[in-house]
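This report refers to the structure that appears directly beneath it.
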Amino acid sequence: MVHEYDAWMDLALAEARAALATDDVPIGAVIVSPSGEVLATGRNEREAIKDPTAHAEVVAIRNAVRALEARGKDDGWRLSDCTLVVTLEPCAMCAGAIVLSRIPKLVFGAWDEKAGACGSVFDIVREPRLNHWVEVYSRVKEQECAELLRTFFRSKRT
């Protein structure tokens with residue numbers, strides 16, 4: 001199972017690198033169907049489209065819902081049985097979107113010790129008072145994901 005996560009994380013990392021072209025924070029996401037097929041991708045687009053909600057996870061969720069609808073699999077907004085793979089631990093907004101879209105499995109690379117909401121600062125995706133909980137797998141290609149972000153922010157400071 002780990003090798004699948006690694007391959008999916010490679011796709012998320014490619015999306016993260018593509019975000020650099022618009023000077024967005026390099027975070028990428030992939031949503032995978034139960035059969036292992038990539039349904040949708042997303043990357044941070046806040047700078048590109050001037051939208052504070054255009055985080056990689058939200059973009060990927062929106063794209064996945066559209067992809068399923070185009071295939072005639074209209075569960076509305078529910079992404080039940082899908083897996084979200086993202087390069088950085090999701091923030092509170094994205095964790096809420098994951099719960100609300102009913103994604104059952106989250107795989108991420110680097111921890112976000114300042115704003116993470118899937119186990120570090122908060123744990124929204126496993127909050128027992130909510131009506132949906134998410135299985136979380138962390139540290140997949142953690143060093144590569146973290147280094148991409150460190151390099152980006154280092155370049156901003158110089």
Side-chain angles (χ1 to χ4, degrees), residues 1-67 79 81-101 103-127 133-158:
M1 193 67 111
V2 173
H3 61 83
E4 281 182 326
Y5 293 172
D6 286 347
W8 296 337
M9 188 60 75
D10 285 339
L11 297 173
L13 280 161
E15 285 295 313
R17 288 183 195 99
L20 294 168
T22 55
D23 205 31
D24 275 286
V25 177
I27 299 171
V30 175
I31 295 185
V32 182
S33 75
S35 68
E37 174 191 7
V38 174
L39 291 175
T41 61
R43 62 170 118 7
N44 272 6
E45 296 181 355
R46 293 184 309 169
E47 301 299 329
I49 65 172
K50 309 298 183 238
D51 179 353
T53 68
H55 288 204
E57 301 92 326
V58 172
V59 172
I61 288 168
R62 290 173 180 157
N63 290 340
V65 169
R66 284 188 211 108
L79 295 174
D81 301 324
C82 292
T83 299
L84 171 64
V85 180
V86 63
T87 56
L88 182 67
E89 177 188 7
C91 69
M93 177 186 71
C94 294
I98 293 163
V99 169
L100 292 172
S101 62
I103 293 172
K105 189 182 295 183
L106 167 66
V107 176
F108 69 84
W111 288 96
D112 184 348
E113 300 295 336
K114 293 180 182 177
C118 299
S120 60
V121 179
F122 304 105
D123 200 355
I124 293 170
V125 297
R126 292 178 284 203
E127 170 55 52
W133 305 282
V134 179
E135 195 175 348
V136 177
Y137 298 89
S138 61
R139 296 187 166 147
V140 175
K141 296 199 168 229
E142 179 179 24
Q143 295 305 318
E144 192 173 345
C145 294
E147 186 56 35
L148 184 59
L149 289 162
R150 275 193 296 273
T151 300
F152 174 79
F153 286 113
R154 195 176 306 122
S155 74
K156 293 292 177 195
R157 289 189 290 273
T158 58

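On a predicted model such as this, the values are computed, not experimentally measured, just so you know.
When side chains are defined from C-beta on, V140 does not count as touching W8, because their heavy atoms never get closer than 4.5 Å. Side-chain contact between M93 and V58 is present, with heavy atoms from C-beta onward closer than 4.5 Å. Residues L13 and C145 meet the side-chain proximity criterion, which asks for heavy atoms closer than 4.5 Å. At a threshold of 4.5 Å between non-hydrogen side-chain atoms, the residues V65 and N63 do not count as touching. Side-chain contact between P104 and E135: absent, with no pair of heavy atoms (C-beta onward) separated by less than 4.5 Å.
Rounded to the nearest 0.5 Å, atoms CG (L11) and OG1 (T41) are 8.5 Å apart. The distance from atom CD of E57 to atom CD1 of I31, rounded to the nearest 0.5 Å, is 9.5 Å. From C94, atom SG reaches atom CG of L106 across 10.5 Å, with rounding to the nearest 0.5 Å.
In this structure, T83 contributes its side chain and V32 its backbone to no donor-acceptor pair below 3.5 Å. Looking at N44, its side chain never comes within 3.5 Å of a backbone N or O of D24 through a donor-acceptor pair.
Remark: D112 pairs with no residue by the side chain to side chain donor-acceptor pair (under 3.5 Å) rule, at least two apart or across chains. Scored by the ring pair (Phe, Tyr, Trp, His ring centres under 6.0 Å) test, Y137 finds Y5 as partners (sequence neighbours excluded). For E142, the salt bridge (Lys or Arg N to Asp or Glu O under 4.0 Å) partners two or more places apart in sequence, or in a different chain, are R139. Residues passing the salt bridge (Lys or Arg N to Asp or Glu O under 4.0 Å) test with E15, sequence neighbours excluded: R43.
For R126 against V134, the heavy-atom pair with the smallest separation is CG-O, 3.4 Å. For P90 against A95, the heavy-atom pair with the smallest separation is CB-N, 4.1 Å. Looking at every heavy atom in both residues, A54 comes nearest to I49 through CB-CD1, 3.9 Å. Between L84 and A29, the shortest heavy-atom distance links the atoms CD1-CB, 4.0 Å. Residues V86 and M9 come closest through the heavy atom pair O-CE, 3.3 Å. Closest approach of I103 to I61, counting heavy atoms only: CD1-CG1, 4.0 Å.
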Could you pull out every donor-acceptor pair under 3.5 Å between side chains of residues 148-157 and any protein atom, sequence neighbours left out?
unit_1	atom_1	unit_2	atom_2	d
R150	NE	E147	OE1	3.2
R150	NH2	E147	OE1	3.1
T151	OG1	E147	O	2.9
T151	OG1	E147	OE2	3.1
S155	OG	F152	O	2.6
K156	NZ	D23	OD1	2.6
K156	NZ	D23	OD2	2.7

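Sequence neighbours left out, the pairs with a member in residues 25-38 that pass side-chain hydrogen bond (donor to acceptor under 3.5 Å, both in side chains) are S33-S35, E37-R71.
By the neighbour-count criterion of 12 heavy atoms within 6.0 Å, atom NZ of K50 is densely surrounded, having more than that number from other residues, nucleotides or ligands.
A salt bridge links D10 to K141: one of the charged nitrogens lies within less than 4.0 Å of a carboxylate oxygen.
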Can C82 and L39 be said to form a side-chain contact (heavy atoms from CB on, under 4.5 Å), step by step? CA-CA 9 Å; C82 292; L39 291 175; 3.6 Å; yes
Go through the steps to decide whether V25 and R46 satisfy the test side-chain contact (heavy atoms from CB on, under 4.5 Å), and finish with yes or no. CA-CA 9 Å; V25 177; R46 293 184 309 169; 4.0 Å; yes
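Side-chain contact, S138 with E89: no donor N or O sits under 3.5 Å from an acceptor N or O.
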